[in-house]
2 protein chains.
Amino acid sequence: MATLKQVAAHAEVSVQTVSNALNAPHRLRPDTLQRVTKSIELLNYRPNRNARSLRTSAVELIGYCVPSWPDGQAHLVMDQFLHALCTAAETSGRHILLFTAPVGVEGMPVYEDLHARRLVDGFVLSQTETHDPRHGWLKEQQIPFVSFGRVWKETTQPGPYVDVDGAGGCAAAVRHLHETGRRRIAFLSWPKTSGLAEDRLSGWRAACRELGLPTDASLAVRCLEDTIDQGARATAELLDADPGVDAIVAISDILALGALRELTRRGLTAGVDVAVTGFDDSPLASVVSPALTSIRQPMDQIATELIDILTTPATPGVSTERLLQPELVIRGSSAPG
Amino acid sequence: MATLKQVAAHAEVSVQTVSNALNAPHRLRPDTLQRVTKSIELLNYRPNRNARSLRTSAVELIGYCVPSWPDGQAHLVMDQFLHALCTAAETSGRHILLFTAPVGVEGMPVYEDLHARRLVDGFVLSQTETHDPRHGWLKEQQIPFVSFGRVWKETTQPGPYVDVDGAGGCAAAVRHLHETGRRRIAFLSWPKTSGLAEDRLSGWRAACRELGLPTDASLAVRCLEDTIDQGARATAELLDADPGVDAIVAISDILALGALRELTRRGLTAGVDVAVTGFDDSPLASVVSPALTSIRQPMDQIATELIDILTTPATPGVSTERLLQPELVIRGSSAPG
DNA sequence: CTGAAAGCGCTTACAG
DNA sequence: CTGAAAGCGCTTACAG
């Protein structure tokens with residue numbers, strides 16, 4: 001493995017000059033630069049990142065805690081997110097370091113340790129929970145971070161974030177359903193304790209009101225778990241109580257799949273008799289039949305913004321609170337043919 | 001941020017002694033050790049990993065290339081795998097570094113670069129393909145790696161691997177179905193070009209023969225894509241051609257879900273009229289109704305073995321080719337009630 | 001059991 | 001535009 005020193009000897013310049021050739025090429029005379037570059041290639045030289053990091057005290061590594069899930073709960077878009085995050089990090093010359101940590105405040109010593117030992121420069125948080133304690137903790141410790149997702153039920157956000165406008169997404173789904181002739185649109189939701197659920201629900205309610213559609217309490221159903229069974233059961237209750245329902249906006253693809261199953265069981269055709277939409281545009285959406293209309297989070301953009309915020313020094317006038325618009329992907333479950 | 005030097009000054013010993021307190025505590029007199037330990041805690045000292053790595057030229061980081069998937073293809077157990085891999089790495093004092101790379105041999109410069117710049121000590125490969133070029137390339141470059149999955153259609157494996165006995169898993173599924181009274185067991189597979197598919201298929205065939213069950217060519221159906229639609233279509237063809245089929249072993253959970261859908265469509269009850277099994281025990285398996293019997297890969301053990309092989313110096317007599325047995329998780333789709 | 005010293009491979013003021 | 005030198009924070013023979 002060649003070192004700076006060897007390259008310098010080979011090119012007959014000082015190590016400083018080789019370093020400059022790599023990090024500030026404009027400082028070299030073109031002929032010197034070319035000579036040095038040639039030696040670098042010839043010796044197949046690669047700067048040792050550890051030496052560099054030791055000197056600059058920047059490791060160009062970003063920590064991300066791999067979520068762990070209760071049994072049967074899937075994170076169907078995690079591979080999309082990780083891929084996007086990784087790509088965005090690489091575009092800025094960085095990489096993602098994965099780690100595990102206990103949920104909540106118990107996990108914070110792990111974050112602190114990784115940062116103190118200089119394994120990472122900062123963190124990307126996700127799976128933000130209502131009253132998530134991590135953000136405030138990291139802020140207090142002055143450890144750099146950015147959050148994918150707002151901290152719900154806080155008056156002010158405890159740090160920079162990127163998030164998707166769930167209310168906007170659900171409102172767009174309602175408008176699409178209205179345009180295609182639906183007039184009694186139900187909402188399949190999660191428990192009230194979820195800030196995420198309340199956000200999305202509010203989008204459904206606002207859009208329905210705007211369009212003069214009903215928003216009876218009975219049209220908004222809560223599922224305790226994010227499973228197909230729960231989605232199917234809630235749909236059954238909904239249709240039993242109110243046979244006039246002609247569309248269902250589900251807060252997740254999984255619940256939407258449950259709705260589709262219940263429709264099939266009743267001999268109804270999704271997209272014809274009752275329209276259904278999901279959320280996340282997970283791989284499942286395009287794999288069922290009819291394919292599921294779903295609200296897609298712009299993963300690449302999310303990842304780019306996260307890395308941008310984390311790696312750009314705070315600039316007055318540049319907001320570090322960014323709300324992105326999701327995209328409604330229309331398929332057969334809401335628009336047959 | 002405290003340094004070794006500061007801790008040494010505080011404890012009134014040399015830096016060497018502090019270093020020993022951390023890395024070889026048995027070398028210190030108990031009272032010295034205690035004094036040093038106290039100073040470490042008091043100053044909240046954490047060794048700088050970059051300095052250590054520069055000195056020892058080991059970064060304790062393992063590279064893993066995040067797979068990217070064609071649209072609609074999900075990797076439903078990737079989060080389980082990553083979580084297990086991360087945990088196993090941490091148990092050995094290491095971490096996972098994520099990166100992206102082009103598929104096949106085009107990606108190799110990325111691997112080489114990461115290793116040359118000392119961002120990682122070695123690699124864990126997965127998503128092994130038939131005639132995968134990566135293994136041989138890394139071996140030639142003497143870059144440490146271990147593979148999750150054999151390289152199919154090679155006579156000898158080009159390096160250490162951990163894999164799951166797909167044939168054994170499918171054979172276990174067949175035996176379970178036979179025990180519960182099934183006598184005409186079909187197999188839902190992928191194209192012949194997939195070594196993985198041939199392995200699993202061979203287990204189905206061997207177990208059927210052993211039990212005196214039919215293995216007609218018409219009982220083994222190929223699906224071109226791993227989608228629910230394809231699984232449903234193949235199941236329809238199968239049942240049309242051979243109404244006597246009373247069980248289906250599917251090579252993936254997705255295809256199994258397709259089979260379940262087709263059974264429902266025909267008014268048949270999965271687990272009663274026709275038994276169905278899947279592969280991977282993905283989160284989907286427990287989310288459908290009836291829940292899906294599936295062949296579970298032992299992710300924690302896989303991850304532990306991978307990290308063990310990668311971090312243990314080659315020892316004569318210790319095999320670095322490890323084939324693990326999957327576990328059949330029995331649910332309603334093959335055993336109602 | 002403990003200490004003084006060299007060196008891992010870089011970057012960066014500073015001087016010429 | 002280029003070079004000599006210090007130093008980032010560790011580990012590790014070596015000597016006492």
Side-chain angles (χ1 to χ4, degrees), chain A residues 1-40 43-61 93-94 113-121, chain B residues 1-40 43-61 93-94 113-121:
Chain A
M1 205 84 276
T3 67
L4 251 200
K5 212 170 164 181
Q6 291 169 319
V7 176
H10 186 270
E12 299 182 304
V13 294
S14 72
V15 290
Q16 150 86 308
T17 300
V18 182
S19 181
N20 279 339
L22 256 24
N23 302 318
H26 60 273
R27 289 199 199 153
L28 302 207
R29 245 182 8 227
D31 58 323
T32 316
L33 181 56
Q34 209 201 332
R35 203 166 77 244
V36 174
T37 307
K38 212 169 176 181
S39 296
I40 288 176
L43 299 178
N44 192 25
Y45 168 72
R46 304 309 158 75
N48 180 314
R49 193 63 160 264
N50 297 119
R52 179 177 213 282
S53 295
L54 176 57
R55 191 54 239 248
T56 64
S57 80
V59 282
E60 326 247 280
L61 248 35
R94 293 172 177 80
D113 192 58
L114 287 170
H115 184 257
R117 289 155 67 204
R118 313 281 30 234
L119 265 91
V120 302
D121 295 324
Chain B
M1 206 84 275
T3 68
L4 251 200
K5 212 170 163 182
Q6 291 170 318
V7 176
H10 187 270
E12 298 182 304
V13 294
S14 72
V15 291
Q16 150 84 309
T17 299
V18 182
S19 182
N20 278 338
L22 257 22
N23 302 318
H26 60 272
R27 288 199 199 154
L28 303 206
R29 248 188 358 233
D31 58 324
T32 316
L33 180 56
Q34 209 201 331
R35 203 168 76 244
V36 174
T37 306
K38 212 169 177 179
S39 296
I40 289 176
L43 299 178
N44 193 25
Y45 168 71
R46 301 312 156 74
N48 181 314
R49 192 61 159 267
N50 296 119
R52 180 176 213 281
S53 294
L54 175 57
R55 191 53 240 249
T56 64
S57 80
V59 282
E60 326 247 282
L61 248 35
R94 292 173 177 80
D113 192 58
L114 286 170
H115 184 257
R117 288 156 68 204
R118 312 285 27 235
L119 266 90
V120 302
D121 295 325

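Just so it is clear: chains get the letters A, B, ... in the order the sequence lines come, proteins before strands, and each one is counted from 1.
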Task: Spatial distance of atom OG (B/S14) from atom CG (B/N20) [nearest 0.5 Å] - done: 8.0 Å
- [ ] Rounded to the nearest 0.5 Å, what's the gap from CZ on A/R118 to CG on B/N50? Could you check?
- [x] 7.5 Å
TODO: Return the minimal non-hydrogen interatomic distance between B/H10 and B/S39, and the atom names on each side.
DONE: ND1-OG, 2.8 Å
Can you tell if the side chain of [X] reaches within under 4.5 Å of the side chain of [Y], non-hydrogen atoms only?
X	Y	result
B/N23	B/R52	yes
B/L119	B/V59	no
B/V13	B/V18	yes
A/N44	A/R46	yes

- [ ] Examine C/dT2: is either OP1 or OP2 under 4.0 Å from a nitrogen or oxygen in the side chain of B/R27? Give yes or no.
- [x] no
Open item on the list: Is A/S14 close enough to D/dA4 that one of its side-chain N or O atoms is under 4.0 Å from OP1 or OP2 there?
Closed with: no
Task: Base-pairing string, 5' to 3', of DNA chain C - Watson-Crick or wobble, under 3.5 Å, | interstrand - done: |||.||||||||.|||
Identify every side-chain donor-acceptor pair in residues 30-37 of chain B under 3.5 Å, counting partners at least two apart or on other chains, and give the distances.
| from | atom 1 | to | atom 2 | distance (Å) |
| --- | --- | --- | --- | --- |
| B/D31 | OD1 | B/R29 | NE | 3.2 |
| B/R35 | NE | B/A11 | O | 3.0 |
| B/R35 | NH2 | B/A11 | O | 3.2 |
| B/T37 | OG1 | B/L33 | O | 2.6 |

TODO: Report, as a single string ordered 5' to 3', how protein heavy atoms within less than 4.0 Å touch nucleotides 7-16 of chain D: B base, S sugar-phosphate only, - not at all.
DONE: BBBBBBB---
Open item on the list: Students often get this wrong, so: under 4.0 angstrom with heavy atoms, is A/T32 touching a base, only sugar-phosphate, or nothing?
Closed with: sugar-phosphate
